Participant: 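Have a look at the structure that comes next, please.
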Amino acid sequence: MKHVVTINKANLKQSVVKGGCGKCQASCQSACKTSCTVANQKCENSDR
Amino acid sequence: MIHKYKLGGMNIVLDVNSGGVHVVDELTYDLLDNVEPPFEDECPGAVVEKLERNYKKEDILSCYEEIKDLYRDKILFSPDEYEKFAKFATPSPIKAMCLLVAMDCNMRCTYCFAGQGDYCQGRKLMSFETGKKALDFLLINSGNRENLEVDFFGGEPLMNWNVVKQLVEYGRSKEEQFHKKFRFTVTTNGTLLTEDKMDFINREMSNVVLSIDGRKDVNDRMRLCANGKGSYDVIMDRYKQIVDKRGHKDYYVRGTYTRYNLDFAQDVMHLVDNGFKEVSVEPVVTDPSHDYALTERDIPKIFSEYENLAEMILQRNREGKHFNFFHFMLDLNQGPCAIKRLRGCGCGNEYVAVTPDAEIYPCHQFVGMKEYLMGNVDTGEFDQRMKKQFAGAHIYSKTDCKTCWARFYCSGGCNANNYEYMGDILTAHKISCEIEKKRLECAIMIQAAEAMEGRNEDYGPRPQMIR
(Lines give C-alpha, C1' and ligand atoms only; values in the text may rest on other atoms or scores of the structure.)
Protein backbone atom coordinates (compact mmCIF):
# COMPACT_ATOMS: atom_id res chain seq x y z
CA MET A 1 0.00 0.00 0.00
CA LYS A 2 1.23 3.46 -0.89
CA HIS A 3 -1.02 5.51 1.31
CA VAL A 4 -2.01 3.41 4.32
CA VAL A 5 -0.15 1.42 6.97
CA THR A 6 -2.31 -0.92 9.06
CA ILE A 7 -0.51 -1.42 12.34
CA ASN A 8 -2.50 -4.20 14.00
CA LYS A 9 -4.41 -7.40 13.30
CA ALA A 10 -7.86 -5.78 13.51
CA ASN A 11 -9.19 -8.99 15.06
CA LEU A 12 -12.06 -7.76 17.17
CA LYS A 13 -14.58 -9.74 15.15
CA GLN A 14 -12.57 -12.99 15.44
CA SER A 15 -12.34 -12.44 19.21
CA VAL A 16 -15.99 -13.39 19.67
CA VAL A 17 -15.42 -16.93 18.39
CA LYS A 18 -13.94 -18.08 21.70
CA GLY A 19 -14.95 -14.98 23.61
CA GLY A 20 -17.13 -14.36 26.62
CA CYS A 21 -15.46 -16.95 28.88
CA GLY A 22 -15.40 -14.50 31.80
CA LYS A 23 -11.91 -15.48 33.02
CA CYS A 24 -10.65 -11.91 32.77
CA GLN A 25 -10.39 -9.44 35.58
CA ALA A 26 -13.26 -7.15 36.54
CA SER A 27 -12.22 -3.91 34.94
CA CYS A 28 -12.51 -1.72 38.01
CA GLN A 29 -10.49 -3.87 40.40
CA SER A 30 -6.98 -3.32 39.13
CA ALA A 31 -6.24 0.34 39.69
CA CYS A 32 -8.90 2.76 38.77
CA LYS A 33 -11.82 2.34 41.15
CA THR A 34 -13.29 5.58 39.83
CA SER A 35 -13.18 5.47 36.04
CA CYS A 36 -13.48 2.60 33.68
CA THR A 37 -11.41 1.52 30.71
CA VAL A 38 -12.00 -2.02 29.56
CA ALA A 39 -9.67 -2.23 26.59
CA ASN A 40 -6.63 -2.07 28.85
CA GLN A 41 -7.52 -5.35 30.55
CA LYS A 42 -5.77 -8.57 29.59
CA CYS A 43 -7.52 -11.48 27.93
CA GLU A 44 -6.95 -14.51 30.17
CA ASN A 45 -8.40 -17.15 27.88
CA SER A 46 -5.46 -19.45 27.12
CA ASP A 47 -7.59 -21.24 24.54
CA ARG A 48 -8.15 -18.11 22.47
CA MET B 1 -17.88 3.54 11.33
CA ILE B 2 -14.45 5.12 11.42
CA HIS B 3 -12.83 7.66 13.71
CA LYS B 4 -9.95 9.72 12.36
CA TYR B 5 -7.76 12.25 14.08
CA LYS B 6 -4.32 13.87 13.94
CA LEU B 7 -1.95 13.38 16.84
CA GLY B 8 1.77 12.94 17.39
CA GLY B 9 2.45 14.06 13.81
CA MET B 10 0.37 11.19 12.42
CA ASN B 11 -2.98 10.82 10.70
CA ILE B 12 -4.70 8.00 12.52
CA VAL B 13 -7.81 6.15 11.36
CA LEU B 14 -9.57 3.71 13.65
CA ASP B 15 -12.00 1.27 12.12
CA VAL B 16 -14.34 1.03 15.08
CA ASN B 17 -15.93 -2.38 14.51
CA SER B 18 -12.86 -4.40 13.49
CA GLY B 19 -10.48 -2.60 15.85
CA GLY B 20 -8.19 -1.89 12.88
CA VAL B 21 -5.79 1.02 13.33
CA HIS B 22 -4.36 2.66 10.22
CA VAL B 23 -1.76 5.36 9.85
CA VAL B 24 -2.55 7.21 6.63
CA ASP B 25 -1.08 9.98 4.49
CA GLU B 26 -2.69 13.41 4.03
CA LEU B 27 -4.42 12.40 0.82
CA THR B 28 -6.14 9.39 2.43
CA TYR B 29 -7.09 11.52 5.43
CA ASP B 30 -8.78 14.03 3.12
CA LEU B 31 -10.28 11.44 0.80
CA LEU B 32 -11.99 9.75 3.74
CA ASP B 33 -13.96 12.95 4.29
CA ASN B 34 -15.42 12.52 0.83
CA VAL B 35 -16.09 8.83 0.28
CA GLU B 36 -17.95 6.10 2.13
CA PRO B 37 -19.66 2.79 1.33
CA PRO B 38 -21.19 1.71 -0.92
CA PHE B 39 -18.13 2.32 -3.09
CA GLU B 40 -18.40 2.83 -6.81
CA ASP B 41 -15.84 1.08 -9.02
CA GLU B 42 -14.05 4.33 -9.69
CA CYS B 43 -13.58 7.35 -7.54
CA PRO B 44 -16.49 9.78 -8.19
CA GLY B 45 -15.52 12.56 -10.61
CA ALA B 46 -16.66 15.31 -8.26
CA VAL B 47 -14.37 14.00 -5.51
CA VAL B 48 -11.40 13.79 -7.87
CA GLU B 49 -12.08 17.32 -9.05
CA LYS B 50 -12.30 18.62 -5.49
CA LEU B 51 -9.07 16.96 -4.33
CA GLU B 52 -7.13 17.66 -7.53
CA ARG B 53 -6.47 21.16 -6.17
CA ASN B 54 -4.02 19.61 -3.71
CA TYR B 55 -3.16 16.16 -5.06
CA LYS B 56 -2.28 14.47 -8.36
CA LYS B 57 -5.14 12.65 -10.07
CA GLU B 58 -3.22 9.37 -10.32
CA ASP B 59 -2.56 9.45 -6.56
CA ILE B 60 -6.21 10.11 -5.80
CA LEU B 61 -7.23 7.14 -7.95
CA SER B 62 -4.68 4.78 -6.40
CA CYS B 63 -5.64 5.93 -2.91
CA TYR B 64 -9.29 5.21 -3.69
CA GLU B 65 -8.30 1.66 -4.72
CA GLU B 66 -6.53 1.17 -1.37
CA ILE B 67 -9.58 2.35 0.54
CA LYS B 68 -11.74 -0.09 -1.42
CA ASP B 69 -9.29 -2.93 -0.66
CA LEU B 70 -9.41 -2.18 3.06
CA TYR B 71 -13.19 -2.06 2.92
CA ARG B 72 -13.26 -5.41 1.11
CA ASP B 73 -10.95 -6.84 3.79
CA LYS B 74 -13.42 -5.57 6.41
CA ILE B 75 -10.89 -3.42 8.20
CA LEU B 76 -12.33 -0.10 7.09
CA PHE B 77 -16.00 0.87 7.41
CA SER B 78 -16.64 -2.65 8.70
CA PRO B 79 -20.17 -3.30 10.01
CA ASP B 80 -21.14 -3.52 13.68
CA GLU B 81 -22.08 -7.17 14.09
CA TYR B 82 -22.05 -7.36 17.87
CA GLU B 83 -25.52 -6.20 18.90
CA LYS B 84 -26.81 -9.76 18.63
CA PHE B 85 -24.44 -10.74 21.47
CA ALA B 86 -25.91 -8.05 23.70
CA LYS B 87 -29.17 -10.01 23.61
CA PHE B 88 -27.34 -12.64 25.64
CA ALA B 89 -26.27 -10.04 28.20
CA THR B 90 -27.99 -11.95 30.96
CA PRO B 91 -26.89 -12.14 34.60
CA SER B 92 -23.44 -13.75 35.01
CA PRO B 93 -21.76 -15.48 37.95
CA ILE B 94 -20.27 -13.06 40.48
CA LYS B 95 -16.47 -13.15 40.24
CA ALA B 96 -15.27 -9.99 41.95
CA MET B 97 -15.91 -8.34 45.27
CA CYS B 98 -14.89 -5.10 46.86
CA LEU B 99 -14.76 -5.80 50.57
CA LEU B 100 -15.06 -2.66 52.66
CA VAL B 101 -13.29 -4.10 55.68
CA ALA B 102 -13.00 -0.62 57.19
CA MET B 103 -15.65 2.01 56.68
CA ASP B 104 -13.31 4.23 58.59
CA CYS B 105 -10.15 6.07 57.66
CA ASN B 106 -7.23 7.61 59.47
CA MET B 107 -6.95 10.26 56.74
CA ARG B 108 -9.19 13.18 55.87
CA CYS B 109 -8.63 13.61 52.12
CA THR B 110 -10.57 16.62 50.91
CA TYR B 111 -11.88 14.97 47.74
CA CYS B 112 -12.80 11.58 49.20
CA PHE B 113 -15.84 10.14 47.41
CA ALA B 114 -16.42 7.92 50.44
CA GLY B 115 -17.25 10.71 52.88
CA GLN B 116 -13.74 10.59 54.38
CA GLY B 117 -13.96 6.87 54.82
CA ASP B 118 -17.34 6.17 56.37
CA TYR B 119 -19.50 6.69 53.24
CA CYS B 120 -21.61 8.97 55.48
CA GLN B 121 -22.78 5.80 57.27
CA GLY B 122 -20.88 6.13 60.55
CA ARG B 123 -17.41 4.69 61.16
CA LYS B 124 -17.39 0.89 61.25
CA LEU B 125 -15.00 -2.03 60.91
CA MET B 126 -16.04 -5.32 59.34
CA SER B 127 -16.12 -8.31 61.67
CA PHE B 128 -14.43 -11.57 60.68
CA GLU B 129 -17.86 -13.24 60.74
CA THR B 130 -19.30 -10.78 58.20
CA GLY B 131 -16.19 -11.06 56.03
CA LYS B 132 -16.49 -14.85 56.04
CA LYS B 133 -20.11 -14.62 54.96
CA ALA B 134 -19.09 -12.28 52.16
CA LEU B 135 -16.46 -14.74 50.91
CA ASP B 136 -18.97 -17.60 51.22
CA PHE B 137 -21.44 -15.54 49.17
CA LEU B 138 -18.80 -15.14 46.48
CA LEU B 139 -17.85 -18.83 46.54
CA ILE B 140 -21.49 -19.89 46.19
CA ASN B 141 -22.47 -17.34 43.56
CA SER B 142 -19.42 -17.61 41.31
CA GLY B 143 -20.68 -20.51 39.19
CA ASN B 144 -17.93 -21.83 36.94
CA ARG B 145 -15.60 -18.83 37.42
CA GLU B 146 -12.31 -20.08 38.84
CA ASN B 147 -10.54 -16.83 39.61
CA LEU B 148 -12.24 -14.80 42.32
CA GLU B 149 -11.06 -11.25 42.92
CA VAL B 150 -11.39 -9.73 46.35
CA ASP B 151 -10.15 -6.21 46.94
CA PHE B 152 -9.70 -5.12 50.54
CA PHE B 153 -10.92 -1.57 50.40
CA GLY B 154 -12.11 1.15 52.67
CA GLY B 155 -11.85 3.66 54.16
CA GLU B 156 -8.44 2.38 55.02
CA PRO B 157 -8.37 -1.44 55.06
CA LEU B 158 -5.15 -1.60 57.08
CA MET B 159 -7.14 -0.22 60.04
CA ASN B 160 -8.71 -3.67 60.24
CA TRP B 161 -5.56 -5.62 59.54
CA ASN B 162 -6.26 -8.70 61.68
CA VAL B 163 -9.54 -9.29 59.86
CA VAL B 164 -7.74 -8.90 56.50
CA LYS B 165 -5.26 -11.60 57.54
CA GLN B 166 -7.99 -13.88 58.89
CA LEU B 167 -10.03 -13.51 55.70
CA VAL B 168 -7.05 -14.32 53.48
CA GLU B 169 -6.45 -17.45 55.53
CA TYR B 170 -10.15 -18.36 55.41
CA GLY B 171 -10.35 -17.80 51.64
CA ARG B 172 -7.25 -19.91 51.00
CA SER B 173 -8.70 -22.72 53.16
CA LYS B 174 -11.72 -22.91 50.84
CA GLU B 175 -9.93 -22.83 47.48
CA GLU B 176 -9.41 -26.57 47.05
CA GLN B 177 -12.89 -27.58 48.18
CA PHE B 178 -14.57 -25.13 45.80
CA HIS B 179 -12.00 -25.41 42.96
CA LYS B 180 -11.40 -21.66 43.10
CA LYS B 181 -8.42 -19.37 43.27
CA PHE B 182 -8.71 -16.17 45.26
CA ARG B 183 -6.88 -13.15 43.92
CA PHE B 184 -6.67 -10.84 46.87
CA THR B 185 -5.72 -7.22 46.36
CA VAL B 186 -5.56 -4.22 48.65
CA THR B 187 -5.98 -0.49 48.15
CA THR B 188 -4.23 1.53 50.86
CA ASN B 189 -3.26 5.08 51.79
CA GLY B 190 0.05 3.69 53.03
CA THR B 191 0.17 5.41 56.41
CA LEU B 192 -0.14 2.17 58.39
CA LEU B 193 2.23 0.09 56.27
CA THR B 194 4.82 -1.69 58.37
CA GLU B 195 7.42 -4.21 57.30
CA ASP B 196 5.39 -7.21 58.45
CA LYS B 197 2.28 -5.92 56.67
CA MET B 198 4.34 -5.37 53.52
CA ASP B 199 5.62 -8.95 53.70
CA PHE B 200 2.11 -10.34 54.14
CA ILE B 201 0.74 -8.20 51.30
CA ASN B 202 3.60 -9.20 49.00
CA ARG B 203 3.08 -12.86 49.79
CA GLU B 204 -0.72 -12.96 49.52
CA MET B 205 -1.93 -10.11 47.34
CA SER B 206 -1.85 -10.35 43.56
CA ASN B 207 -2.00 -6.58 43.25
CA VAL B 208 -1.55 -3.63 45.58
CA VAL B 209 -2.83 -0.13 44.92
CA LEU B 210 -0.89 2.59 46.74
CA SER B 211 -2.57 5.99 46.94
CA ILE B 212 -0.44 9.06 46.32
CA ASP B 213 -1.21 12.06 44.12
CA GLY B 214 2.29 12.92 42.88
CA ARG B 215 4.36 15.95 43.87
CA LYS B 216 4.54 16.71 47.59
CA ASP B 217 2.63 19.99 47.42
CA VAL B 218 -0.08 18.44 45.22
CA ASN B 219 -0.42 15.36 47.43
CA ASP B 220 -0.35 17.30 50.69
CA ARG B 221 -2.98 19.79 49.57
CA MET B 222 -5.67 17.10 49.31
CA ARG B 223 -4.37 14.02 51.12
CA LEU B 224 -4.41 15.05 54.75
CA CYS B 225 -3.78 12.94 57.81
CA ALA B 226 -6.14 13.31 60.77
CA ASN B 227 -3.64 15.79 62.31
CA GLY B 228 -4.08 18.08 59.30
CA LYS B 229 -0.64 17.37 57.80
CA GLY B 230 -0.12 15.91 54.34
CA SER B 231 0.77 12.25 53.94
CA TYR B 232 3.65 12.53 51.42
CA ASP B 233 6.56 12.31 53.88
CA VAL B 234 4.93 9.41 55.73
CA ILE B 235 4.23 7.26 52.68
CA MET B 236 6.82 7.89 49.97
CA ASP B 237 9.63 5.78 51.44
CA ARG B 238 7.19 3.07 52.49
CA TYR B 239 5.89 2.81 48.94
CA LYS B 240 9.42 2.52 47.59
CA GLN B 241 10.10 -0.20 50.13
CA ILE B 242 6.99 -2.31 49.45
CA VAL B 243 7.48 -2.03 45.67
CA ASP B 244 11.16 -2.99 46.00
CA LYS B 245 10.21 -5.93 48.18
CA ARG B 246 7.69 -7.23 45.62
CA GLY B 247 10.22 -6.98 42.80
CA HIS B 248 8.42 -4.06 41.16
CA LYS B 249 5.62 -6.38 40.03
CA ASP B 250 1.83 -6.14 40.18
CA TYR B 251 1.19 -2.83 41.85
CA TYR B 252 0.00 0.65 41.04
CA VAL B 253 0.82 3.95 42.62
CA ARG B 254 -2.46 5.70 42.11
CA GLY B 255 -3.33 9.35 42.32
CA THR B 256 -6.24 11.66 41.71
CA TYR B 257 -5.99 14.95 39.86
CA THR B 258 -8.26 17.89 40.45
CA ARG B 259 -8.66 21.45 39.17
CA TYR B 260 -5.72 22.33 41.40
CA ASN B 261 -3.25 20.25 39.38
CA LEU B 262 -4.30 20.34 35.76
CA ASP B 263 -0.57 19.93 35.03
CA PHE B 264 -0.93 16.36 36.32
CA ALA B 265 1.57 14.97 33.80
CA GLN B 266 4.17 16.47 36.14
CA ASP B 267 2.73 14.35 38.94
CA VAL B 268 2.92 11.21 36.81
CA MET B 269 6.55 12.01 35.98
CA HIS B 270 7.32 12.78 39.63
CA LEU B 271 6.16 9.28 40.55
CA VAL B 272 8.12 7.77 37.65
CA ASP B 273 11.24 9.70 38.63
CA ASN B 274 10.90 8.26 42.11
CA GLY B 275 11.28 4.78 40.66
CA PHE B 276 7.67 3.71 40.15
CA LYS B 277 6.88 2.13 36.79
CA GLU B 278 3.18 1.36 37.22
CA VAL B 279 1.28 4.58 37.59
CA SER B 280 -2.35 5.59 37.50
CA VAL B 281 -3.48 9.18 37.96
CA GLU B 282 -7.17 9.81 37.46
CA PRO B 283 -9.71 12.61 37.35
CA VAL B 284 -11.49 13.42 40.61
CA VAL B 285 -15.10 12.25 40.95
CA THR B 286 -16.97 14.80 43.02
CA ASP B 287 -19.86 17.21 43.28
CA PRO B 288 -19.35 19.89 40.59
CA SER B 289 -19.97 22.61 43.19
CA HIS B 290 -16.55 22.00 44.81
CA ASP B 291 -13.82 24.41 43.74
CA TYR B 292 -11.48 21.50 43.01
CA ALA B 293 -14.06 19.75 40.74
CA LEU B 294 -13.29 19.37 37.04
CA THR B 295 -15.66 21.25 34.77
CA GLU B 296 -16.11 21.64 31.01
CA ARG B 297 -13.94 24.74 30.97
CA ASP B 298 -11.00 22.60 32.17
CA ILE B 299 -11.26 20.18 29.26
CA PRO B 300 -8.87 21.96 26.83
CA LYS B 301 -6.14 22.02 29.49
CA ILE B 302 -6.81 18.40 30.46
CA PHE B 303 -6.57 17.37 26.80
CA SER B 304 -3.27 19.13 26.23
CA GLU B 305 -1.92 17.60 29.42
CA TYR B 306 -2.75 14.08 28.23
CA GLU B 307 -1.02 14.90 24.94
CA ASN B 308 2.04 16.12 26.86
CA LEU B 309 2.05 12.94 28.87
CA ALA B 310 1.78 10.78 25.75
CA GLU B 311 4.78 12.59 24.23
CA MET B 312 6.77 12.13 27.45
CA ILE B 313 5.97 8.41 27.43
CA LEU B 314 7.14 8.06 23.83
CA GLN B 315 10.32 9.97 24.66
CA ARG B 316 11.04 7.71 27.64
CA ASN B 317 10.38 4.65 25.47
CA ARG B 318 12.88 5.92 22.92
CA GLU B 319 15.40 6.20 25.76
CA GLY B 320 14.59 2.64 26.89
CA LYS B 321 12.98 3.91 30.10
CA HIS B 322 9.53 2.41 29.70
CA PHE B 323 6.79 2.91 32.29
CA ASN B 324 3.10 2.14 32.35
CA PHE B 325 0.35 4.72 32.63
CA PHE B 326 -2.83 2.80 33.44
CA HIS B 327 -5.19 4.72 31.19
CA PHE B 328 -2.85 4.59 28.20
CA MET B 329 -2.39 0.82 28.40
CA LEU B 330 -3.78 -0.76 25.28
CA ASP B 331 -3.08 -4.04 23.53
CA LEU B 332 -4.34 -3.60 20.00
CA ASN B 333 -3.79 -7.27 19.09
CA GLN B 334 -4.70 -9.34 22.16
CA GLY B 335 -6.99 -7.17 24.23
CA PRO B 336 -10.28 -8.32 25.70
CA CYS B 337 -12.78 -10.02 23.39
CA ALA B 338 -15.66 -8.08 21.88
CA ILE B 339 -18.14 -9.75 24.23
CA LYS B 340 -16.28 -8.46 27.30
CA ARG B 341 -16.25 -5.03 25.70
CA LEU B 342 -20.03 -4.80 25.50
CA ARG B 343 -20.55 -4.40 29.21
CA GLY B 344 -17.66 -2.75 30.96
CA CYS B 345 -16.76 -3.29 34.58
CA GLY B 346 -19.64 -5.63 35.35
CA CYS B 347 -20.72 -3.84 38.51
CA GLY B 348 -23.94 -5.12 40.05
CA ASN B 349 -23.66 -8.20 37.89
CA GLU B 350 -20.20 -9.80 38.07
CA TYR B 351 -18.89 -7.42 40.70
CA VAL B 352 -20.35 -6.30 44.03
CA ALA B 353 -19.26 -4.43 47.16
CA VAL B 354 -19.97 -5.59 50.72
CA THR B 355 -20.01 -3.29 53.79
CA PRO B 356 -19.29 -3.97 57.49
CA ASP B 357 -23.10 -4.11 57.97
CA ALA B 358 -23.13 -7.04 55.50
CA GLU B 359 -24.95 -4.94 52.92
CA ILE B 360 -24.38 -5.64 49.23
CA TYR B 361 -24.14 -2.80 46.70
CA PRO B 362 -23.40 -2.90 42.93
CA CYS B 363 -19.92 -1.45 43.59
CA HIS B 364 -17.99 0.60 46.13
CA GLN B 365 -19.21 3.85 44.58
CA PHE B 366 -22.86 2.99 45.17
CA VAL B 367 -22.32 2.28 48.88
CA GLY B 368 -24.72 4.24 51.05
CA MET B 369 -27.25 4.86 48.25
CA LYS B 370 -30.22 3.01 49.69
CA GLU B 371 -31.94 2.90 46.30
CA TYR B 372 -29.07 0.67 45.16
CA LEU B 373 -28.95 -1.63 48.18
CA MET B 374 -28.87 -5.07 46.53
CA GLY B 375 -28.92 -7.45 49.43
CA ASN B 376 -27.24 -8.70 52.57
CA VAL B 377 -24.68 -11.48 53.03
CA ASP B 378 -25.97 -12.09 56.55
CA THR B 379 -29.59 -12.75 55.62
CA GLY B 380 -28.77 -14.12 52.17
CA GLU B 381 -31.15 -11.66 50.47
CA PHE B 382 -30.07 -10.60 47.00
CA ASP B 383 -32.03 -8.54 44.51
CA GLN B 384 -31.88 -10.57 41.30
CA ARG B 385 -33.99 -7.96 39.52
CA MET B 386 -31.39 -5.29 40.17
CA LYS B 387 -28.65 -7.69 39.05
CA LYS B 388 -30.57 -8.18 35.81
CA GLN B 389 -30.84 -4.41 35.38
CA PHE B 390 -27.03 -4.08 35.66
CA ALA B 391 -26.47 -7.10 33.41
CA GLY B 392 -28.46 -5.26 30.75
CA ALA B 393 -26.42 -2.07 31.05
CA HIS B 394 -24.36 -2.52 27.88
CA ILE B 395 -23.25 -0.28 25.04
CA TYR B 396 -26.40 -0.92 23.04
CA SER B 397 -28.72 0.01 25.91
CA LYS B 398 -26.86 3.27 26.55
CA THR B 399 -28.12 5.81 24.02
CA ASP B 400 -24.93 7.85 23.69
CA CYS B 401 -22.65 4.81 23.54
CA LYS B 402 -24.36 3.07 20.66
CA THR B 403 -23.05 5.62 18.17
CA CYS B 404 -19.76 6.51 19.89
CA TRP B 405 -16.45 5.53 18.27
CA ALA B 406 -14.94 4.67 21.66
CA ARG B 407 -17.62 2.14 22.64
CA PHE B 408 -15.40 -0.96 22.38
CA TYR B 409 -12.67 0.63 24.53
CA CYS B 410 -14.53 2.16 27.45
CA SER B 411 -17.50 -0.23 27.13
CA GLY B 412 -20.10 2.20 28.35
CA GLY B 413 -18.09 3.91 31.06
CA CYS B 414 -18.65 3.91 34.78
CA ASN B 415 -22.26 3.24 35.78
CA ALA B 416 -21.67 4.91 39.15
CA ASN B 417 -20.35 8.08 37.52
CA ASN B 418 -23.38 8.08 35.23
CA TYR B 419 -25.72 7.82 38.21
CA GLU B 420 -23.79 10.33 40.32
CA TYR B 421 -23.74 13.01 37.65
CA MET B 422 -26.68 12.19 35.38
CA GLY B 423 -29.10 10.40 37.72
CA ASP B 424 -29.25 7.31 35.49
CA ILE B 425 -26.78 4.46 35.01
CA LEU B 426 -27.56 4.37 31.28
CA THR B 427 -26.88 8.04 30.54
CA ALA B 428 -23.26 8.85 29.84
CA HIS B 429 -21.57 11.64 31.79
CA LYS B 430 -20.21 14.03 29.16
CA ILE B 431 -17.00 15.15 30.87
CA SER B 432 -16.03 11.57 31.78
CA CYS B 433 -16.66 10.58 28.15
CA GLU B 434 -14.61 13.45 26.73
CA ILE B 435 -11.69 12.62 29.01
CA GLU B 436 -11.90 8.92 28.22
CA LYS B 437 -11.97 9.56 24.46
CA LYS B 438 -8.92 11.78 24.72
CA ARG B 439 -7.05 9.15 26.72
CA LEU B 440 -7.92 6.56 24.08
CA GLU B 441 -6.74 8.78 21.23
CA CYS B 442 -3.45 9.21 23.06
CA ALA B 443 -3.18 5.50 23.85
CA ILE B 444 -3.79 4.52 20.21
CA MET B 445 -1.33 7.17 19.06
CA ILE B 446 1.37 5.74 21.35
CA GLN B 447 0.81 2.27 19.89
CA ALA B 448 0.87 3.67 16.35
CA ALA B 449 4.11 5.55 17.03
CA GLU B 450 5.68 2.47 18.60
CA ALA B 451 4.74 0.44 15.53
CA MET B 452 5.88 3.09 13.04
CA GLU B 453 9.17 3.55 14.89
CA GLY B 454 9.66 -0.24 14.95
CA ARG B 455 9.87 -0.56 18.72
CA ASN B 456 7.03 -2.97 19.34
CA GLU B 457 7.68 -6.42 17.92
CA ASP B 458 3.99 -7.34 18.32
CA TYR B 459 3.40 -5.22 15.26
CA GLY B 460 6.05 -6.96 13.18
CA PRO B 461 8.88 -5.27 11.31
CA ARG B 462 8.85 -1.52 10.99
CA PRO B 463 6.06 -0.66 8.54
CA GLN B 464 6.50 1.99 5.88
CA MET B 465 4.40 3.82 3.40
CA ILE B 466 5.87 3.63 -0.06
CA ARG B 467 6.09 7.26 -1.04
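Numbered from 1 within each chain, the chains take letters A, B, ... in sequence-line order. On a predicted model such as this, the values are computed, not experimentally measured, just so you know.
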Participant: Using heavy-atom distances under 4.5 Å, tell me whether B:Val16 contacts chain A through its side chain, its backbone, both, or neither.
Facilitator: backbone
Participant: Looking only at heavy atoms, what is the nearest atom pair of A:Leu12 and B:Arg341, with distance?
Facilitator: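 Scanning both residues, the minimum pair turns out to be CD1-NE, 3.6 Å.
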Participant: Please look at B:Glu66 and chain A and tell me whether the side chain, the backbone, both or neither of the residue comes under 4.5 angstrom of a heavy atom of that chain.
Facilitator: both
Participant: Which heavy-atom pair separates B:Cys337 from A:Gly19 by the least distance, and what is that distance?
Facilitator: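 Taking every non-hydrogen atom into account, SG-CA, 3.7 Å.
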Participant: Return yes if some donor-acceptor pair links the side-chain N/O of B:Tyr82 with the main-chain N/O of A:Lys13 below 3.5 Å, else return no.
Facilitator: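 Pair found, side chain donor or acceptor close to backbone of A:Lys13.
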Participant: Show the nearest heavy-atom pair for residues B:Gly20 and A:Ala10, with the distance to one decimal.
Facilitator: CA-CB, 3.4 Å
Participant: Is it the backbone or the side chain of B:Lys95 that comes under 4.5 Å from a heavy atom of chain A, or both, or neither?
Facilitator: side chain
Participant: So what's closer than 4.5 Å to chain A heavy atoms on B:Ser62: side chain, backbone, both or neither?
Facilitator: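 For B:Ser62, the contact with chain A is made by backbone and side chain together.
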Participant: Give, as side chain, backbone, both or neither, the part of B:Tyr29 having an atom under 4.5 angstrom from any heavy atom of chain A.
Facilitator: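 Neither; nothing under 4.5 Å.
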Participant: For A:Asn8 and B:Gly19, indicate whether the former's side chain and the latter's backbone hold a donor-acceptor pair under 3.5 Å.
Facilitator: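 Checking the backbone N and O of B:Gly19 against the side chain of A:Asn8, a donor-acceptor pair under 3.5 Å is found.
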Participant: Need one label for B:Phe328: side chain, backbone, both or neither, based on atoms under 4.5 Å from any heavy atom in chain A.
Facilitator: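 Nothing of B:Phe328, per the 4.5 Å heavy-atom cut-off to chain A.
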Participant: Between B:Asp15 and chain A, with a heavy-atom cut-off of 4.5 Å, which part of the residue counts as in contact: side chain, backbone, both or neither?
Facilitator: neither
Participant: Has the side chain of B:Asn333 got a donor or acceptor atom that lies under 3.5 Å from a matching backbone atom of A:Lys9?
Facilitator: yes
Participant: Which atoms form the tightest heavy-atom contact between A:His3 and B:Leu27, and what is the distance?
Facilitator: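 What the structure gives for the nearest pair is CE1-CD2, 3.8 Å.
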Participant: Under 4.5 Å from any heavy atom of chain A, what part of B:Tyr251 do you find: side chain, backbone, both or neither?
Facilitator: neither
Participant: List the atom of B:Gly335, the atom of A:Cys43, and the distance in Å for their closest heavy-atom pair.
Facilitator: O-CB, 3.7 Å
Participant: Sort out for me which of B:Gly412, B:Cys410, B:Ser432 touches chain A most, counting heavy-atom pairs under 4.5 Å.
Facilitator: B:Cys410
Participant: Report the C-alpha distance between A:Lys2 and B:Asp59 in whole Å, list the side-chain angles of each, state the deciding distance to 0.1 Å, and finish with yes or no for salt bridge (charged side-chain N to carboxylate O under 4.0 Å, His left out).
Facilitator: CA-CA 9 Å; A:Lys2 275 169 69 180; B:Asp59 287 340; 3.7 Å; yes
Participant: So what's closer than 4.5 Å to chain A heavy atoms on B:Arg183: side chain, backbone, both or neither?
Facilitator: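 Interface part for B:Arg183: side chain.
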Participant: Indicate the atoms forming the closest heavy-atom contact of A:Ala39 with B:Leu330, along with that distance.
Facilitator: CB-CD1, 3.5 Å
Participant: If we define contacts as heavy-atom pairs under 4.5 Å, which of B:Phe153, B:Phe113, B:Phe408 has the most with chain A?
Facilitator: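 Answer, by heavy-atom pair count under 4.5 Å with chain A: B:Phe153.
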